[in-house]
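Remarks on the structure that follows.
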Amino acid sequence: MLDNEIFTDDCQAWVHGAVYPNVYELFKKFKYAPLPKVGETARFKENELRVLDAVKRYYFDIYSAKALEEICHREEPYIKARLGYTEEEPCRSKIDKESIVLYYNQISLKYNINLSDLSSIRNYLYIILKN
């Protein structure tokens with residue numbers, strides 16, 4: 001949707017979901033506590049902030065950690081990266097960036113998700129959790 005990545009490091013297919021290790025290291029100290037308000041957003045472009053806000057609004061503000069894990073476990077890039085591993089087997093397998101781009105571009109087209117109407121994400125989440 002943005003034609004570029006927000007995070008440049010590689011995402012990994014951990015047991016409980018897709019993880020950017022550098023981001024995880026920053027936030028792991030909070031464990032189950034609410035995250036603090038972000039004071040500085042200057043490093044993100046306006047469109048990136050819109051996408052990040054949509055992720056917060058349509059994912060994190062609505063779904064439990066377990067539901068978010070389930071969503072991730074049903075998405076193709078995560079599934080491909082975990083091939084050969086059991087569900088509970090730890091791994092640090094890289095989720096291919098090209099796979100992520102292709103998958104979410106397809107989802108954006110299929111569910112009519114675009115920067116002018118990110119609320120269509122709800123339809124995608126409803127379908128993925130229903131299956």
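Computed from a prediction, not measured in an experiment: that's the story for all the values here.
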Seminar exercise, completed: Hits for side-chain contact (heavy atoms from CB on, under 4.5 Å) against D117, two or more places apart or cross-chain, chain-then-number order -> N114, S119, S120
Problem set entry | Pairs where residues 82-96 contributes a residue and the test salt bridge (Lys or Arg N to Asp or Glu O under 4.0 Å) is met, not counting sequence neighbours | none
Problem set entry | Side chains of V55 and L118 in contact at under 4.5 Å (non-hydrogen atoms) | no
For this session: Is it possible for you to say whether F60 and L26 belong to one hydrophobic cluster, with membership spreading through side-chain heavy-atom contacts below 4.5 Å?
Result: yes
Exercise. Can you tell me how far OG of S99 sits from CD1 of I95, rounded to the nearest 0.5 angstrom?
Worked result: 8.0 Å
Exercise. Going by an N to O cut-off under 4.0 Å, is there a salt bridge joining K80 and E76?
Worked result: yes
Exercise. Is V15 reachable from V23 through a run of hydrophobic residues whose side-chain heavy atoms are each under 4.5 Å from the next?
Worked result: no
Seminar exercise, completed: Contacts satisfying ring pair (Phe, Tyr, Trp, His ring centres under 6.0 Å) that involve residues 112-131 (not counting sequence neighbours) are Y111-Y124
Problem set entry | All salt bridge (Lys or Arg N to Asp or Glu O under 4.0 Å) counterparts of K130, not counting sequence neighbours | none
Problem set entry | Non-neighbouring partners of R74 that pass salt bridge (Lys or Arg N to Asp or Glu O under 4.0 Å), sequence neighbours left out | E70
Seminar exercise, completed: For E48 and R43, the nearest pair of non-hydrogen atoms, with its separation, is OE1-O, 4.4 Å
Seminar exercise, completed: dist R50:CZ -> L115:CG (nearest 0.5 Å) comes out at 5.5 Å
Exercise. With sequence neighbours left out, what residues match F27 under ring-ring contact (aromatic ring centres under 6.0 Å, His included)?
Worked result: none
Exercise. Out of curiosity, does F30 fall in the hydrophobic cluster containing L68 (side-chain heavy atoms, cut-off under 4.5 Å, transitive links)?
Worked result: yes
Exercise. Run the side chain to side chain donor-acceptor pair (under 3.5 Å) check on Y20 and Q12 step by step: do they pass?
Worked result: CA-CA 6 Å; Y20 286 90; Q12 296 177 356; over 6 Å; no
Problem set entry | Minimum heavy-atom distance C72-A18, with the two atoms named | SG-N, 3.1 Å
Seminar exercise, completed: Hits for side-chain contact (heavy atoms from CB on, under 4.5 Å) against L52, two or more places apart or cross-chain, chain-then-number order -> I6, F44
Exercise. Which pairs count as salt bridge (Lys or Arg N to Asp or Glu O under 4.0 Å) when at least one residue sits in residues 6-21, sequence neighbours excluded?
Worked result: D10-K97
For this session: Report yes or no: do V51 and V101 belong to one cluster of Ile/Leu/Val/Met/Phe/Trp/Tyr joined by side chain heavy-atom distances under 4.5 Å?
Result: no
Problem set entry | Gap separating the CD1 atom of I62 from the CD1 atom of I121, nearest 0.5 angstrom | 10.0 Å
Seminar exercise, completed: So the salt bridge (Lys or Arg N to Asp or Glu O under 4.0 Å) pairs with at least one residue in residues 11-30 (sequence neighbours excluded) are E25-K28
Exercise. Residues two or more places apart in sequence or in another chain: which of them pass ring-ring contact (aromatic ring centres under 6.0 Å, His included) with Y24?
Worked result: W14
Seminar exercise, completed: Interatomic distance, CD1@I113 vs OG@S108, rounded to 0.5 Å, equals 5.0 Å
Exercise. Are I128 and I100 grouped together when hydrophobic residues (ILVMFWY) are joined by side-chain heavy atoms under 4.5 angstrom apart?
Worked result: yes
Exercise. What pairs with Y103 under ring-ring contact (aromatic ring centres under 6.0 Å, His included), at least two apart in sequence or on another chain?
Worked result: none
Exercise. Side chain to side chain donor-acceptor pair (under 3.5 Å): which pairs involve residues 54-69, sequence neighbours left out?
Worked result: H16-E69, D53-R57, K56-D61, K66-E69
